[in-house]
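Below is one structure, written out as structure tokens; the observations come after it.
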Amino acid sequence: MRILFDQGAPVPLRRSLAAHEVSTAWQRGWAQLSNGDLLATAEAAGFDLLLTTDQNLRYQQDLSARRIAVLVLTVANWPALEPHASDIAAAIDSMKPGEYHEWFAP
């Protein structure tokens, strides 16, 4: 699975996603794109999933026609997320094209 980390997504999480190809919006030169443009650009580039911390994304964008899956982490703080990295990886592994999910830290 090709995964794109949006700005704010904790980069250390990529260590738990070794089975996937992970890029960041910053690495791709897409850090300044708006959410709609980022989703369209990521889809056109063949990404399967956008990992973001933007909890307003689903209210700002019509995701119904999107092929890219979106996982929103409701917490961006890596020390708080680190103990749950395998749970987040499992959530990513279970996502299907076009799905939207929010992951809440316990």
Side-chain angles (χ1 to χ4, degrees):
M1 180 183 297
R2 294 187 70 210
I3 300 170
L4 180 66
F5 279 26
D6 192 5
Q7 297 290 68
V11 175
L13 178 60
R14 75 186 317 163
R15 290 189 303 261
S16 297
L17 302 171
H20 303 287
E21 180 186 328
V22 178
S23 297
T24 67
W26 183 84
Q27 287 173 316
R28 299 292 234 147
W30 301 342
Q32 301 305 317
L33 294 178
S34 67
N35 284 337
D37 290 339
L38 181 62
L39 286 165
T41 301
E43 276 185 340
F47 281 92
D48 302 299
L49 184 133
L50 174 69
L51 182 77
T52 185
T53 58
D54 185 348
Q55 296 178 48
N56 293 316
L57 182 73
R58 71 176 172 169
Y59 304 111
Q60 297 168 344
Q61 301 297 317
D62 178 9
L63 301 174
S64 63
R66 295 283 180 197
R67 294 180 319 274
I68 193 167
V70 177
L71 179 64
V72 176
L73 300 178
T74 61
V75 174
N77 181 297
W78 177 242
L81 290 174
E82 186 173 17
H84 308 288
S86 62
D87 296 331
I88 297 168
I92 289 170
D93 290 342
S94 72
M95 291 192 70
K96 306 288 185 245
E99 284 187 335
Y100 173 92
H101 291 290
E102 293 184 358
W103 191 89
F104 296 91

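From a predicted model like this one, the values you see are computed outputs, not experimental measurements.
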Item to check | Spacing of D54 atom CG and Y59 atom OH [to the nearest 0.5 Å] | outcome: 11.0 Å

Next on the checklist: Would you compute the distance between atom CD1 of I3 and atom CG of L71 and round it to the nearest 0.5 angstrom?
Outcome noted: 9.0 Å

Next on the checklist: Would you compute the distance between atom CG of L49 and atom CG of L17 and round it to the nearest 0.5 angstrom?
Outcome noted: 9.0 Å

Item to check | Expected output: side-chain N35 to main-chain L57 donor-acceptor under 3.5 Å | outcome: no

Checklist entry - Is the shortest heavy-atom distance from the side chain of F5 to the side chain of L13 under 4.5 Å? => result yes

Checklist entry - For W26, does the CH2 atom have more than 12 heavy-atom neighbours from other residues, nucleotides or ligands under 6.0 Å away? => result no

Cut-off 3.5 Å, no hydrogens considered: what does the side-chain donor-acceptor table look like for residues 92-106, sequence neighbours left out?
from	atom 1	to	atom 2	distance (Å)
D93	OD1	H20	NE2	2.6
S94	OG	A91	O	2.9
E99	OE1	K96	N	2.8
E99	OE1	H101	NE2	3.4
Y100	OH	E102	OE2	2.7

Next on the checklist: Tell me the closest heavy-atom pair linking R28 and A45, and the distance in Å.
Outcome noted: NH2-CB, 4.4 Å

Item to check | Nearest-0.5 Å distance, CH2 of residue W30 to CG of residue D37 | outcome: 11.5 Å

Next on the checklist: Within this structure, what is the CG-CG distance for the pair L38 and L33, rounded to the nearest 0.5 Å?
Outcome noted: 5.5 Å

Checklist outcome for this item: In this structure, CG of L63 is separated from CD1 of I68 (nearest 0.5 Å) by 10.0 Å

Item to check | Closest contact, heavy atoms only, G36 versus Q61 | outcome: CA-OE1, 3.2 Å

Checklist entry - Got a sec, which residues hit side-chain hydrogen bond (donor to acceptor under 3.5 Å, both in side chains) with E43, two or more places apart in sequence or on another chain? => result R66

Next on the checklist: Check for me, please, whether L73 and V11 land in the same ILVMFWY cluster - side-chain distances under 4.5 Å, paths through other members count.
Outcome noted: no

Checklist entry - Distance-only, no hydrogens or angles: does the N77 side chain make a donor-acceptor pair with backbone N or O of A80 under 3.5 Å? => result yes

Checklist entry - Do any N or O atoms from the side chain of R14 and from the backbone of V22 form a donor-acceptor pair under 3.5 angstrom? => result yes

Next on the checklist: Does L39 form a side-chain contact (heavy atoms from CB on, under 4.5 Å) with L50? I'd like the steps, not just the answer.
Outcome noted: CA-CA 8 Å; L39 286 165; L50 174 69; 3.7 Å; yes

Checklist entry - Where do A76 and G8 come nearest, in terms of heavy atoms and distance? => result CB-O, 3.8 Å

Checklist entry - When clusters are formed by joining ILVMFWY residues with side-chain heavy atoms under 4.5 Å apart, either directly or through shared neighbours, do V75 and V72 land in the same one? => result no

